[in-house]
2 protein chains.
Amino acid sequence: MNIGQAASASGVSARMIRHYEAAGLIPKAARAYSGYRRYDERDIHTLRFIRRARIAGFSTAQIKKLLLLWQDRQRPAREVKQLAAAHLSDLQTRIAELESIAHALTQLIAHCHGDERPQCPILDNLAGNGTAHE
Amino acid sequence: MNIGQAASASGVSARMIRHYEAAGLIPKAARAYSGYRRYDERDIHTLRFIRRARIAGFSTAQIKKLLLLWQDRQRPAREVKQLAAAHLSDLQTRIAELESIAHALTQLIAHCHGDERPQCPILDNLAGNGTAHE
DNA sequence: ACTAAACCTTGCCATCATTGGAAGGTCAAG
DNA sequence: CTTGACCTTCCAATGATGGCAAGGTTTAGT
C-alpha cells in the first residue's frame with residue numbers, strides 16, 4: 001500500500017503521515033525499490049488510532065505516550081487514565097477561559113445599541129474607559 | 001519613553017510592541033537620534049487597547065479593524081457590534097467543540113477502572129473499538 | 001512502446017501569537 | 001572609562017496543517 005492509499009484508508013492525510021513519521025510518532029515506513037513508502041494494515045490501524053486521538057484533542061506528545069501504552073500489553077490502565085484525566089483537565093480549563101470571555105463579550109454586545117451612532121460600550125471597554133455594564 | 005517603559009506601562013511586552021509594529025497594527029514608532037523607539041501616552045493608550053482586545057480573544061486582524069473603528073469618531077456602533085458578534089459566534093463554536101470532546105472523554109474515563117490491569121476502555125475506544133490491535 | 005495522468009519524493013514557505021537567543025549599538029551611573 | 005541595563009535587528013522555534021515546486025515512478029490508455 002502506498003501513502004495515498006494509506007491516507008484514504010486511515011483518514012490521515014499523506015501530508016500528516018509524513019509529518020508524524022518525521023516527528024517520531026510512527027516508525028519510519030518501509031520503502032519500495034522506487035523509494036515509495038509502503039504501509040500494511042497494522043500501520044493503518046495505528047494511523048486510525050492517531051486520528052481518533054487527535055480528534056479527541058490530544059497533543060502529539062500525549063499521543064506518543066498513548067501509542068506506547070497501547071502497544072504495551074502489560075500497561076496498567078491507571079497510566080492511561082491519568083493521562084486522559086490530565087488532558088480532560090486541560091480541556092476544562094480552556095473551556096472555562098473561553099466561557100469567561102464569551103460571557104463578558106455577551107454583556108458588552110447586549111449593551112451596545114448597534115445603530116448608526118458612534119457611542120459603543122464595546123470599544124469603550126477595550127479602551128479602558130471603564131464599566132460598560134455597571 | 002523608550003520601549004521598555006512603554007512595555008511596563010501598557011502591559012504589552014517590548015517584544016510584542018515591535019511585533020505589532022511590524023504587523024502594521026500600530027504605526028511605526030518615532031525614533032530618537034540613537035535609533036531607539038519613542039512612545040508617548042497616546043501610544044500607551046493604544047497598546048492597552050490592544051492588550052485588552054487580545055485578552056478578549058480577538059485576532060490581530062480583528063484588532064486591526066477595531067483600532068480603525070476606535071480611532072474613527074464617526075464610526076457606527078453597528079460595525080463594532082457586528083465584529084464582536086462574529087467573534088462571539090466563533091468563541092461559542094469552539095466552546096461547543098471542546099465541550100463535546102470533554103464530554104466523550106469524561107465518559108471514557110468514568111468507565112476505566114484505572115488500576116494495574118491492562119484493560120482500558122480509553123485505549124480501546126481510540127483503537128476503534130472493543131478489540132485493540134492485533 | 002510511448003505518452004499522459006496520477007502518484008510519489010524531498011524541501012521550503014505560510015499560518016498565528018509569542019518567546020527565545022545572538023550579535024552588536026547606546027545610555028546612565030559609578 | 002567600565003559596567004550593566006537597555007536598545008537595535010535578524011533568525012529560529014513552537015503545533016498542526018496546507019500549499020507549492022521540481023523532479024522521479026507507476027499505471028493506464030493508445
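Small disclaimer: the values here were computed from a predicted structure and weren't measured. Letters go in sequence order (proteins before strands), and every chain restarts at 1.
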With a cut-off of less than 4.0 Å, is there a side-chain N or O of Arg37(A) near OP1 or OP2 of dT10(C)? yes
Return the value, rounded to whole Å, for the distance between atom OH of Tyr20(A) and atom P of dT17(D). 4 Å
Rounded off to whole Å, could you give me the CG-to-P distance for the Leu47(A) and dT17(D) pair? 13 Å
In whole angstroms, the gap separating P of dT8(D) from CG of Asn2(B) amounts to 7 Å
Arg38(B) side chain near Arg31(B) side chain, heavy-atom distance below 4.5 Å: no
Stepwise salt bridge (Lys or Arg N to Asp or Glu O under 4.0 Å) check, Lys65(A) with Glu79(A): CA-CA 10 Å; Lys65(A) 291 179 194 160; Glu79(A) 289 188 38; over 6 Å; no
How many Å lie between CD on Glu21(B) and C1' on dC7(D), as a whole number? 13 Å
Approximate separation, where rounding is to 0.5 Å, of Arg37(A) CZ and Ile17(A) CD1: 9.0 Å
For residues Val80(A) and Ile101(B): do they belong to one hydrophobic cluster (side chain heavy atoms under 4.5 Å, members Ile, Leu, Val, Met, Phe, Trp, Tyr)? yes
Answer yes or no: is there an ion pair linking Arg42(B) with Asp40(B), defined by an N-O contact shorter than 4.0 Å? no
Arg38(A) CZ - dT9(C) C1' separation (whole Å): 15 Å
Looking at the side chain of Arg31(A), which of dA16(D), dT10(C), dA17(C) is the nearest nucleotide? dT10(C)
Measure the shortest side-chain to side-chain distance between Leu123(A) and Arg75(B) over non-hydrogen atoms and say whether it is less than 4.5 angstrom. yes
Please figure out whether Ala14(A) or Ser13(B) has its closest DNA chain C nucleotide nearer the 5' end. Ala14(A)
Specify whether Phe49(B) and Trp70(B) have parallel, tilted or perpendicular ring planes, treating 30° as the upper limit for parallel and 60° as the lower limit for perpendicular. parallel
Quick one: His19(B) NE2 to dA17(C) C1', roughly how many Å, whole number? 6 Å
Nucleotide dG15(D), atom C1' - distance to CD1 of Ile50(A) in whole Å: 15 Å
For nucleotides 25-30 of chain C, give me one character per nucleotide, 5' to 3': B if any protein heavy atom sits under 4.0 Å from the base, S if the only such contacts are to the sugar-phosphate, - if neither. BBS---
Stretch residues 54-68 of chain A: residues that reach within less than 4.0 Å of DNA chain C through a heavy atom: none
Euclidean distance, atom NZ of residue Lys28(B) to atom C1' of dT9(D) [Å, nearest integer]: 13 Å
Is the backbone of Arg117(B) close enough, under 3.5 Å, to the side chain of Asp115(B) for a donor and an acceptor to pair up by distance? yes
Take His103(A) and Glu99(A) through the side-chain contact (heavy atoms from CB on, under 4.5 Å) test and state the conclusion after the steps. CA-CA 6 Å; His103(A) 179 73; Glu99(A) 274 177 344; over 6 Å; no
